[in-house]
Amino acid sequence: MSAFGYSMPSYFQNMPKLGTPLNAVNEENAKSLKDVEAAIDEQVEATLSAGRSDESLNAAGQMTARQRINMLVDEGTWCPLNSLYNPGHNKNGSTGVITGLGKIHDKWAVIIASDNKKLAGAWVAGQALKLTRATDMAKMLRIPLVYVLNCSGVKLDEQEKVYAGRLSGGTPFYRHAELEQLGIPVLVGIYGTNPAGGGYHSISPTVLIAHEKANMAVGGAGIVGGMNPKGYIDEEAAEALIDATVKAGKIDPPGAVHVHYGETGFFREVYTEEEGVLSAIKKYMDAIPAYNENFYRVADPMEPAQDAEALYTRVPFNQRRAYDVKEVLACLFDNSEFMEYKKGYGPEIVCGLARVNGLLTGVVTNYQGLLPNYPEYRGAGAVGVGGKLYRQGLIKMNEFITMCGRDRLPIVWIQDTTGIDVGDPAEKAELLGLGQSLIYSIQNAGVPQMEITLRKGTAAAHYVMGGPQGNESNVFSIGTAATEIYVMHGETAAAAMYSRRLVKDKKEGKDLAPTIEKMNELIQDYSDKSRPSYCAKIGLVDEIVRMKQLRNYICAFVGASYQNPKSICPFHHMMTPRIIRDWDNLMKK
């Protein structure tokens with residue numbers, strides 16, 4: 001029980017409860033989901049394990065990036081992100097950095113650790129994009145960015161993949177400056193050799209803490225001077241290079257501790273042990289402003305009344321099967337309680353207020369199942385399909401997101417959508433305009449948002465429902481073993497691309513088999529490129545998360561959102577809970 005009092009208990013405590021007992025476990029469904037999870041876990045482990053062995057690094061007096069993170073982060077709070085992200089198709093499956101959310105001395109931070117198992121943490125293809133995602137997270141959540149740095153500079157034989165586009169080498173340093181101008185500190189613990197880009201990683205943060213063997217410099221000892229450039233290497237140049245390299249190997253690399261602690265004073269502190277650097281980061285985290293969570297709590301933290309294990313039965317692996325989304329919410333939020341916004345209106349959308357560790361959050365998700373006599377603009381006898389968006393649902397989401405922005409509440413989107421209704425009736429119902437209106441409302445809300453693609457993320461519905469395309473609103477997106485993301489189903493795409501060809505072939509008496517073969521190839525390609533691991537690799541989601549760990553990420557997101565918010569709405573000034581109550585009372589009459 002908190003020592004602080006709670007505001008408006010008649011609204012926020014004892015909300016309506018969701019969930020029913022699980023009568024039987026669907027073993028086949030659970031196995032399908034868990035098999036995908038196990039395969040994803042195996043991929044992640046292979047990616048993290050690639051490179052120099054842990055034993056070799058430890059014998060050389062270095063901890064690995066994972067060992068450093070484990071020592072830095074509070075137990076049980078680490079939420080890795082972008083573990084499989086590899087847009088540059090690097091052979092080891094990695095971008096050379098490990099990122100995620102974690103608590104350090106009970107304060108949330110975005111954490112980046114150079115993976116010193118791989119080319120001593122070198123810049124490789126895709127790394128700058130991953131770093132940019134991390135800085136975006138820190139910016140939207142207004143929480144510290146913490147580097148555990150060990151960066152040997154650019155992988156020189158692939159410099160064109162790293163340097164120097166609009167979102168490649170150099171971008172993170174501008175982002176650090178932006179964070180600092182917003183009052184968001186960047187802390188760095190520096191290990192190993194950090195030349196060139198690694199040097200700017202070192203110098204651009206707010207507080208620099210170094211290990212005694214670390215250095216940072218504009219260029220490294222490996223950049224040998226004194227040669228007369230000819231545009232090629234001959235034997236004379238090779239001999240000169242040998243002599244210069246031997247000489248360079250006998251001196252300390254530039255920018256060592258005696259320079260940047262003893263002379264420039266850039267290093268605030270230096271430690272002889274690796275652990276000392278991490279302890280110092282914790283000390284500086286203690287000095288950073290953050291609200292006690294009880295300042296914002298509306299009730300005691302509670303686990304969901306329904307066990308997360310039930311998700312393996314509640315969420316069908318078969319994409320064509322419907323399910324009760326409220327049973328899913330019951331496994332994710334405090335005491336399985338939920339205040340639904342405008343129940344009955346826009347029935348394809350379920351949205352409302354829930355609690356996460358006693359903190360309020362908005363929740364938006366898709367209803368699954370058939371909707372008789374709906375949507376209204378298609379006339380009597382129409383049957384709507386859950387997962388698709390219609391006029392009322394789009395209006396309802398616009399209203400709810402606007403109210404969450406007004407009440408300064410973070411938002412959790414849980415997607416399972418097949419798209420937006422199409423055809424002239426949909427156009428006359430203004431769905432195109434209402435979809436863009438929702439994007440405007442999301443952008444205008446100005447509150448942190450996260451998105452879970454529980455199963456399907458399809459077409460425009462994916463990005464109008466809080467998707468990762470919202471670069472200034474979507475803190476991160478996660479997927480599950482059931483996730484599929486595509487512009488449309490593969491069969492629909494094949495029909496769209498080849499239907500006219502089929503008609504032409506038929507009319508000309510040609511064999512249809514070659515066209516049918518191409519259609520099936522496209523269908524298979526859509527399937528391969530929409531599955532969870534591929535979505536993670538190219539960045540359509542930031543992580544594929546086990547069903548049982550979804551709440552962990554929600555807790556991290558909501559907790560971080562309340563740590564140091566840009567603005568506050570007092571609970572007794574909030575309108576969303578009052579609108580919910582008045583709507584419910586009106587519907588009862």
Side-chain angles (χ1 to χ4, degrees), residues 32 316-323 348-349 366-394 415-436 438-439 453-465 467-469 479 482-535 537-541:
S32 296
F317 187 71
N318 184 338
Q319 298 281 351
R320 293 180 175 82
R321 282 187 53 204
Y323 58 96
E348 76 271 26
I349 293 298
N366 301 98
Y367 173 83
Q368 303 295 319
L370 298 179
L371 298 164
N373 298 311
Y374 186 79
E376 77 292 346
Y377 56 80
R378 289 192 175 272
V383 178
V385 179
K388 195 174 288 293
L389 305 183
Y390 303 100
R391 178 182 173 86
Q392 285 186 18
L394 286 164
Q415 277 195 39
D416 188 352
T417 176
T418 53
I420 301 177
D421 194 18
V422 297
D424 278 345
E427 297 306 322
K428 292 176 183 177
E430 305 179 323
L431 268 59
L432 189 63
L434 288 169
Q436 181 57 40
L438 180 53
I439 290 172
T453 306
L454 189 64
R455 293 202 308 181
K456 296 180 292 296
T458 311
H462 178 54
Y463 48 82
V464 304
M465 289 194 67
Q469 299 82 1
T483 293
E484 290 185 356
I485 299 175
Y486 37 55
V487 69
M488 61 182 68
H489 193 275
E491 291 177 41
T492 309
M497 284 192 67
Y498 289 102
S499 58
R500 291 181 184 273
R501 171 72 64 85
L502 286 171
V503 170
K504 183 180 178 183
D505 289 349
K506 179 76 172 177
K507 188 179 290 186
E508 294 176 358
K510 292 182 178 179
D511 184 3
L512 300 182
T515 301
I516 291 172
E517 184 178 353
K518 289 180 180 179
M519 293 176 73
N520 285 324
E521 287 173 358
L522 181 64
I523 291 168
Q524 186 60 51
D525 188 59
Y526 260 60
S527 177
D528 294 343
K529 293 179 179 177
S530 65
R531 302 304 300 155
S533 61
Y534 192 86
C535 291
K537 177 181 177 180
I538 64 173
L540 303 187
V541 295

Please find the pair of heavy atoms, one from [X] and one from [Y], that lie closest to each other, and give the distance.
| X | Y | value |
| --- | --- | --- |
| T483 | P532 | O-CD, 3.4 Å |
| G419 | A461 | CA-CB, 3.6 Å |
| L431 | Y390 | CD2-CA, 4.1 Å |
| R455 | R321 | NH2-O, 2.9 Å |
| T515 | L502 | CG2-CD2, 3.7 Å |
| E484 | T453 | O-CG2, 4.4 Å |

To the nearest 0.5 Å, how far apart are [atom1] in [X] and [atom2] in [Y]?
| X | Y | atom1 | atom2 | answer |
| --- | --- | --- | --- | --- |
| Y486 | T458 | OH | OG1 | 5.0 Å |
| M488 | S530 | CE | OG | 13.0 Å |
| E517 | L512 | CD | CG | 13.0 Å |
| L454 | T417 | CG | OG1 | 12.0 Å |

Listing request: all salt bridge (charged side-chain N to carboxylate O under 4.0 Å, His left out) pairs with a residue in residues 485-508, at least two apart in sequence or in separate chains. E508-K510
Under 3.5 Å, is there a donor-acceptor pair between the side chain of [X] and the main chain of [Y]?
| X | Y | value |
| --- | --- | --- |
| D416 | K456 | yes |
| N373 | G381 | yes |
| Q319 | A482 | yes |
| S527 | I523 | no |

Heavy-atom check, side chain of [X] versus side chain of [Y], under 4.5 Å:
| X | Y | result |
| --- | --- | --- |
| I349 | L394 | no |
| L389 | M465 | yes |
| M497 | K518 | no |
| I516 | Y498 | no |

Contacts of Y463 meeting side-chain hydrogen bond (donor to acceptor under 3.5 Å, both in side chains) (sequence neighbours excluded), chain-then-number -> none
Side chain to side chain contact (heavy atoms under 4.5 Å, CB included) between D421 and R378, intermediate numbers included: CA-CA 11 Å; D421 194 18; R378 289 192 175 272; 3.0 Å; yes
Greater than 12 external heavy atoms within 6.0 Å of L432's CG: no
Ignoring hydrogens and geometry beyond distance, is a side-chain donor-acceptor pair present between Q524 and N520 at under 3.5 Å? no
Using a strict cut-off of less than 4.0 Å between a Lys/Arg side-chain nitrogen and an Asp/Glu carboxylate oxygen, indicate whether K388 and E348 qualify as a salt bridge. no
